[in-house]
Amino acid sequence: MTTPRVRVRYAPSPTGDPHVGNIRQAIWSWLYARRSGGDFLIRLEDTDQTRKVAGSLEQIYASLRWLGIDWDEGPDIGGPYAPYVQSERLPLYRVAADQLLATGHAYRCFCSAERLAEMRKAQQAAGEPPGYDGCCRALAPEDVGRRAAAGEPHVVRFRMRDDGTTTLVDLLRGEITVENRHFDDFVILKSDGFPTYHLAHVVDDHAMKISHVTRGDEWLPSAPRHARIWDALGYRRPIFVHFPVILGPDGGKLSKRHGATSVLEYADEGYVPDAVFNFLAVLGWSFDDKTEIFTRQQLLAVFDLADISVNPAAFDTQKLEWMNGVYLRDAAEPALVEMFAARLDRDLPAGVPRPLDRALIEAFTPHIRERVKLLSEVVDLVDFFFVRDVPTPPANEFLSAKRWRNDAAGAARSLEAMADALGALGDWTTPAIEASMRGTAEAIGETVGDVFTLCRLAVTGKRVAPPLFETIEIVGSELAVSRLRAAALSLATAV
RNA sequence: GGCGCAUUCGUCUAGCGGCCCAGGACGCCGCCCUCUCAAGGCGGAGAUCGCGGGUUCGAAUCCCGCAUGCGCCA
């Protein structure tokens, strides 16, 4: 028996923004397909028309594209097994259902909703396990034919329940055996002609030659049903891989309450795709006992589905942030400048003229790259470079340090002295600025810590900013000096 | 209620019978560096491997129960 070509599909339902847990499934599936030199495709599972949310497909595409995941076949680009949308494949499911009907693996059931409800009530009252009682199993064939032909509403059920057992293999968990008596004869074709998930995915995964059926482990309990359908249809079973879920930081279900649940929101918050990709890839998967940071190339070289942990993993936002910082620090400078520029263009106040000064961004990028964990933090770190009239912070900001608490005049004098020194500086370079400022601090008998804090506040308007001398150089002589003087003046008048 | 899956530091994990009185990462704490904040360096706290029985010379690792969590069916 030859091993079939690896073909893995990502099969989202159009029910809104894809959840990160779902996207992680896509990442793992994609990684495996690519790593194996196989195919990765998208199939839309939209048989539950009631849960449909408009625009979902676009968000699914956008999420994957943002992460750099490509696909070989899908609703948008077609492929040899088109269509890739289940609601457009209805005839195929009917054919499969007919085959199961003809071979006796399935039967038509005319039970009314009322009868089913009553049956359930009785089972509940008797403390019996719920499930279809097999009422229509024994219907006479000629009756069935007549009623179906007459258009009487009915469903098609799979003959599941019997005295045997079903065994299947899950790649991550090994062999799983269950007794068939715990199942009922489940519906595979609804009265409106739509298939249930059970039938649809089997028909499609077989038709599309999927080698590894990857999906969330909420499907594990019904996997025996699917295995039985595969067998009944005479198909060769695929390899089942049931992925664990992602939990919220508190161990509960991951929800909006914990922050972002969709990768598009992470994009919005200033995370970079490679970091999110890396983070999600290693959340619940590991290569060895130490490696955390993987380039895409490395991942593509070493990823294996078999190394996935079956435990549900809690989403650790702090670790994601850390990892994002790693990616930002490791990024090539031109790429970083590009990211900063794009983000600033979006976040800076409208009053700042566009296009933004590229040279300016290039100038400060090396000095902030180690201080940024999220792109969204950049604007607060550098806005004073762009905004000409930075408001001088209130006096109490300057006077909060012990040294100045009762000496506003001294603070004002210190700032004046710095302004004088810098105003007279001919060589406007970082080393010269540093030498001048240190010299001035010494000359006026202040510690650099005390006086530089005042300068930082005056020039940047912030307590926390990029390194002072470099910052002052970039801000430029004229602006730096005038901001120092403005601060000195405000302190002098505040006394 | 029945069935299934899972159970190693707060979190993600390494571990697949002796290398483990359990290793790494995030986070946390301390020190160093230092103009702030970071980054970086060094060090530290943190897991009786869910509990109880076995098997074995030897178990986090194998087996059986129990507990807990999650999921599925309704």
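Fair warning: this is a prediction, and the values are worked out from it, not measured in the lab. Within every chain, numbering begins at 1; the chains are lettered A, B, ... in the order of the sequence lines, protein sequences first and strands thereafter. Computed over heavy atoms, backbone and side chain alike; hydrogens, waters and symmetry mates excluded.
Of the candidate nucleotides B/C35, B/C72, B/A38, B/C72 has the atom nearest to the side chain of A/Pro221. With B/C72, B/G24, B/C12 as the candidates, the nucleotide lying closest to the side chain of A/Ala314 is B/C12.
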Protein-nucleotides 40-45 of chain B N/O pairs closer than 3.5 Å?
none

Protein-nucleotides 5-8 of chain B N/O pairs closer than 3.5 Å?
residue	atom	partner	partner atom	Å
B/C5	O2'	A/Arg173	NH1	3.1
B/A6	O3'	A/Asn311	OD1	2.4
B/A6	O2'	A/Asn311	OD1	2.9
B/U7	OP1	A/Asn311	OD1	3.1

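B/C62 sits 23 Å from B/G23 when the C1' atoms are compared, rounded to a whole Å. Across the C1' atoms, B/U68 and B/G52 are found 14 Å apart, a figure rounded to whole Å.
Looking at residues two or more places apart in sequence or on another chain, you find no ring pair (Phe, Tyr, Trp, His ring centres under 6.0 Å) involving A/Tyr327. Annotation: side chain to side chain contact (heavy atoms under 4.5 Å, CB included) contacts of A/Val276 (sequence neighbours excluded): A/Trp66, A/Leu67, A/Val263, A/Tyr266, A/Tyr271, A/Leu280, A/Leu320. Legend: residues meeting side chain to side chain contact (heavy atoms under 4.5 Å, CB included) with A/Ala26, ordered by chain and number and at least two apart, are A/Tyr10, A/Leu64.
Counted by atom type alone, A/Thr447 and A/Arg403 present zero donor-acceptor pairs between their side chains at under 3.5 Å.
Pairs passing the ring-ring contact (aromatic ring centres under 6.0 Å, His included) check and including a residue from residues 442-463 of chain A, sequence neighbours excluded, read A/Phe452-A/Phe469.
A cation-pi contact links A/Arg225 to A/Phe186, judged by a cut-off of 6.0 Å to the six-membered ring centre and 45° from its axis.
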